[in-house]
Undergrad: 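Have a look at this one.
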Amino acid sequence: MVKKTKRLPGKIKRESFRIPMLHNFYYGDYLIRRENHYNSLPALAPLDLPLLNSLSREGTFVTSLEELAISYKELIDSAEDILPKIRALPIPKTESCITYREELISYRQIFKWGLNERLLDIVENYLGVPVFFVGVTLQRNIADGKPVTVRQWHIDPEDYRMVKIIIYLNDLGLDGGPFEYIPRNLTSSLAQALNYNYYSSGFVSDQDMARIAPKSTWNPCPGPYGTVIFTDTRSIFHRLKPPTGSDRYSMTFSYTSRRPITTFERIIFSKNQLQAIASGLSQRQQDCLFLD
């Protein structure tokens with residue numbers, strides 16, 4: 001039954017979660033998968049335990065590329081090469097957020113960074129099940145201050161647990177559009193107070209959020225170029241704080257289980273391109289590129 005249902009179009013499957021019996025069935029299956037996979041979880045490097053603990057407790061962990069020390073120079077070199085190219089591109093007048101797709105195709109090393117074995121160890125230990133690497137997006141957010149789409153509070157619907165790794169490609173002060181979140185221990189009660197449906201409610205305005213959550217509970221994450229944020233965007237209310245002082249440049253690597261609640265279109269590579277990339281990777285890395 002799971003195998004047939006998981007192939008339903010994402011919107012239909014999300015809507016099915018409104019039915020308590022189906023919701024309980026899916027969640028029960030997820031818990032069984034976590035239990036069955038527990039003894040197969042990869043060993044985690046001791047230096048990554050604080051990261052895992054913070055993800056589990058807070059929903060977010062902030063570090064830097066230098067501290068993380070995972071192919072640091074290669075990723076910085078790629079960013080330094082691509083940034084001048086996207087800065088030189090024209091800005092559509094009606095766009096607040098620009099996602100660069102074609103520009104990333106020539107930078108397979110950026111995509112492959114998201115498949116680093118140590119990163120996969122961290123993500124798999126947090127998810128508790130085998131990992132699906134959704135991909136990477138490269139974005140420029142214009143400093144227009146508009147509270148549109150993901151600049152409003154929301155919870156991502158893709159899976160019961162998920163991980164996003166956000167990397168700042170310029171210095172971000174409080175007016176530069178940093179990632180902002182409300183801690184995990186508050187989010188579930190806030191969702192209940194707002195009657196928030198994880199699969200269909202969409203976005204919550206600042207005004208509505210401020211009525212039930214004091215701004216002192218809002219945690220912006222400003223930081224310099226190379227700041228890295230690990231976050232479970234399924235477990236916390238979060239947003240991109242609307243930038244006003246400067247444009248925001250960032251990359252986001254996304255991960256779910258291989259049987260997610262819903263999936264969105266893979267932005268960069270076609271299936272044939274993914275198969276070409278996979279040919280040079282370990283079996284585990286290859287498995288992370290495709291859903292069960």
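Just so it is clear, the values below take in all heavy atoms, side chains as well, and ignore hydrogens, waters and symmetry mates. Residues: numbered from 1 along the sequence shown.
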Undergrad: Going by an N to O cut-off under 4.0 Å, is there a salt bridge joining Asp156 and Lys164?
TA: yes
Undergrad: Assigning hydrophobic clusters by single linkage (Ile, Leu, Val, Met, Phe, Trp, Tyr; side-chain heavy-atom cutoff under 4.5 Å), is Trp153 placed with Val150?
TA: no
Undergrad: Could you go through Glu67 and Thr63, starting from their C-alpha distance and side-chain angles, then the distance that decides it, and tell me whether this counts as side chain to side chain donor-acceptor pair (under 3.5 Å)?
TA: CA-CA 7 Å; Glu67 290 174 350; Thr63 182; 3.0 Å; yes
Undergrad: Could you walk me through whether Leu190 and Gln192 pass the side-chain contact (heavy atoms from CB on, under 4.5 Å) check?
TA: CA-CA 5 Å; Leu190 295 177; Gln192 188 174 12; over 6 Å; no
Undergrad: I'd like to know if Asp206 pairs up with Arg239 as an ion pair, taking the criterion as any Lys NZ or Arg NE/NH1/NH2 lying under 4.0 Å from an Asp or Glu carboxylate oxygen.
TA: yes
Undergrad: Calculate, to the nearest 0.5 Å, the distance between atoms CD and CD1 belonging to Glu158 and Ile261 respectively.
TA: 9.0 Å
Undergrad: First locate atom CD1 of Ile155, then atom CD1 of Ile182, and finally report the distance between them rounded to the nearest 0.5 Å.
TA: 9.0 Å
Undergrad: Say whether, by atom type as modelled, one donor and one acceptor occur between the side chain of Thr137 and the main chain of Thr99 under 3.5 angstrom.
TA: no
Undergrad: Provide the closest heavy-atom pair for Leu115 versus Cys288 in the form atom of the first, atom of the second, distance.
TA: CD2-CB, 3.9 Å
Undergrad: Can you tell me if Tyr30 and Asp159 form a side-chain donor-acceptor pair at under 3.5 Å?
TA: no
Undergrad: Roughly how far, to the nearest 0.5 Å, is CD1 of Ile82 from OG of Ser106?
TA: 8.0 Å
Undergrad: Can you spot which of Ile110, Val134, Ile166, Val163 makes a side-chain contact (heavy atoms from CB on, under 4.5 Å) with Phe253?
TA: Ile110
Undergrad: Same hydrophobic cluster for Leu68 and Leu49, using side-chain heavy-atom links shorter than 4.5 Å among ILVMFWY?
TA: yes
Undergrad: Quick one: CZ on Phe179 to CD1 on Ile236, what's the gap to the nearest 0.5 Å?
TA: 4.0 Å
Undergrad: Between Gly145 and Thr244, which heavy-atom pair has the shortest distance, and what is it?
TA: CA-CG2, 3.7 Å
Undergrad: Assess whether side-chain contact (heavy atoms from CB on, under 4.5 Å) is satisfied between Ile76 and Glu80, documenting all intermediate values.
TA: CA-CA 6 Å; Ile76 288 292; Glu80 293 292 342; 4.0 Å; yes
Undergrad: Please answer whether the main-chain N or O of Glu74 pairs with a side-chain N or O of Ser71 as donor and acceptor at a distance below 3.5 Å.
TA: no
Undergrad: Can you tell me if Asn125 uses its side chain to pair, donor with acceptor, with the backbone of Asp121 under 3.5 Å?
TA: yes
Undergrad: Taking the side chain as C-beta and beyond, is there a heavy-atom pair between Tyr168 and Pro224 under 4.5 Å?
TA: no
Undergrad: Got Ser235 and Thr187 here, is their nearest side-chain heavy-atom distance under 4.5 Å?
TA: no
Undergrad: Distance-only, no hydrogens or angles: does the Arg184 side chain make a donor-acceptor pair with backbone N or O of Arg57 under 3.5 Å?
TA: no
Undergrad: Measure across Ala213 and Thr217 and return the closest heavy-atom pair with its distance rounded to 0.1 Å.
TA: CB-OG1, 3.8 Å
Undergrad: Do Arg248 and Asp175 sit within salt-bridge range, that is, some charged N less than 4.0 Å from a carboxylate O?
TA: no
Undergrad: Using a 3.5 Å distance criterion without hydrogens, assess whether the side chain of Arg161 forms a donor-acceptor pair with backbone atoms of Tyr126.
TA: yes
Undergrad: Between Pro222 and Leu174, which heavy-atom pair has the shortest distance, and what is it?
TA: CG-CD2, 4.1 Å
Undergrad: Between the main-chain N or O of Asn141 and the side-chain N or O of Ser96, is there a donor-acceptor pair closer than 3.5 Å?
TA: no
Undergrad: CG of Leu127 to OG1 of Thr256: how many Å apart, nearest 0.5 Å?
TA: 7.5 Å
Undergrad: Name all residues meeting the side chain to side chain donor-acceptor pair (under 3.5 Å) criterion together with Glu124; count only those two or more places apart in sequence or in a different chain, and write none if there are none.
TA: His37, Arg284
Undergrad: For side-chain contact (heavy atoms from CB on, under 4.5 Å), just list the numbers for Asp247 and Arg87, CA-CA rounded to whole Å, side-chain angles, deciding distance to a tenth of an Å, and then say yes or no.
TA: CA-CA 10 Å; Asp247 289 357; Arg87 284 194 178 107; over 6 Å; no
Undergrad: Looking at Glu103, I'd like to know if its CD atom is crowded, meaning that more than 12 non-hydrogen atoms belonging to other residues, nucleotides or ligands lie closer than 6.0 Å.
TA: yes
Undergrad: Once ring pair (Phe, Tyr, Trp, His ring centres under 6.0 Å) is applied, do any residues pair with Tyr255, and if so which ones, sequence neighbours excluded?
TA: Phe133
Undergrad: Leu75 versus Met251: any side-chain heavy-atom pair under 4.5 Å?
TA: yes
Undergrad: Find out whether Ile91 and Ile142 are in side-chain contact, i.e. whether some heavy atom of one side chain is under 4.5 Å from a heavy atom of the other.
TA: yes
Undergrad: Membership question, hydrophobic clusters at under 4.5 Å side-chain separation (ILVMFWY): are Ile98 and Leu89 in the same one?
TA: yes
Undergrad: Looking at Glu180, is its backbone amide N or carbonyl O close enough to the side chain of Asn219 to form a donor-acceptor pair, meaning the two atoms are under 3.5 Å apart?
TA: no
Undergrad: Is the backbone of Leu44 close enough, under 3.5 Å, to the side chain of Asp48 for a donor and an acceptor to pair up by distance?
TA: no
Undergrad: Would you check if there is a donor-acceptor pair between the side chains of Gln109 and Ser78 at a distance under 3.5 Å?
TA: yes
Undergrad: By ring pair (Phe, Tyr, Trp, His ring centres under 6.0 Å), which residues pair with Phe237, not counting sequence neighbours?
TA: Tyr196
Undergrad: Please confirm whether the backbone N or O of His154 pairs with a side-chain atom of His238, one donor and one acceptor, at under 3.5 Å?
TA: yes
Undergrad: If you look at every heavy atom in Leu169 and Ala79, which pair is closest and at what distance?
TA: CD2-CB, 4.0 Å
Undergrad: Is it true that a side-chain atom of Asn170 and a backbone atom of Tyr249 form a donor plus acceptor pair closer than 3.5 Å?
TA: yes
Undergrad: Is it the case that one hydrophobic cluster holds both Leu186 and Trp218, taking links as side-chain heavy atoms less than 4.5 Å apart, direct or via other members?
TA: yes
Undergrad: Is it the case that one hydrophobic cluster holds both Ile165 and Ile229, taking links as side-chain heavy atoms less than 4.5 Å apart, direct or via other members?
TA: no
Undergrad: Is any side-chain heavy atom of Pro260 closer than 4.5 Å to a side-chain heavy atom of Tyr160?
TA: no
Undergrad: Taking the side chain as everything from C-beta on, heavy atoms only, tell me whether Val136 gets closer than 4.5 Å to Trp113.
TA: no
Undergrad: When you look at Gln139 and Thr252, which way does the side chain to side chain donor-acceptor pair (under 3.5 Å) test go after all the steps?
TA: CA-CA 8 Å; Gln139 291 185 329; Thr252 301; 5.5 Å; no
Undergrad: Quick one: pull up NZ in Lys112 and OH in Tyr107 and give me the separation to the nearest 0.5 Å.
TA: 15.5 Å
Undergrad: Can you give me the closest heavy-atom contact between Ile70 and Arg118, atom names plus distance?
TA: CG1-NH1, 3.2 Å
Undergrad: Could you tell me if the side chain of Phe61 sits less than 4.5 Å from the side chain of Leu52, heavy atoms only?
TA: no
Undergrad: Is it true that the side chains of Ser282 and Gln285 contain a donor and an acceptor less than 3.5 Å apart?
TA: yes
Undergrad: Any side-chain heavy atom of Arg211 within less than 4.5 Å of one from Leu194?
TA: no
Undergrad: Would you check, one step at a time, whether the test side-chain contact (heavy atoms from CB on, under 4.5 Å) holds for Ser64 with Thr227?
TA: CA-CA 4 Å; Ser64 69; Thr227 292; 5.7 Å; no
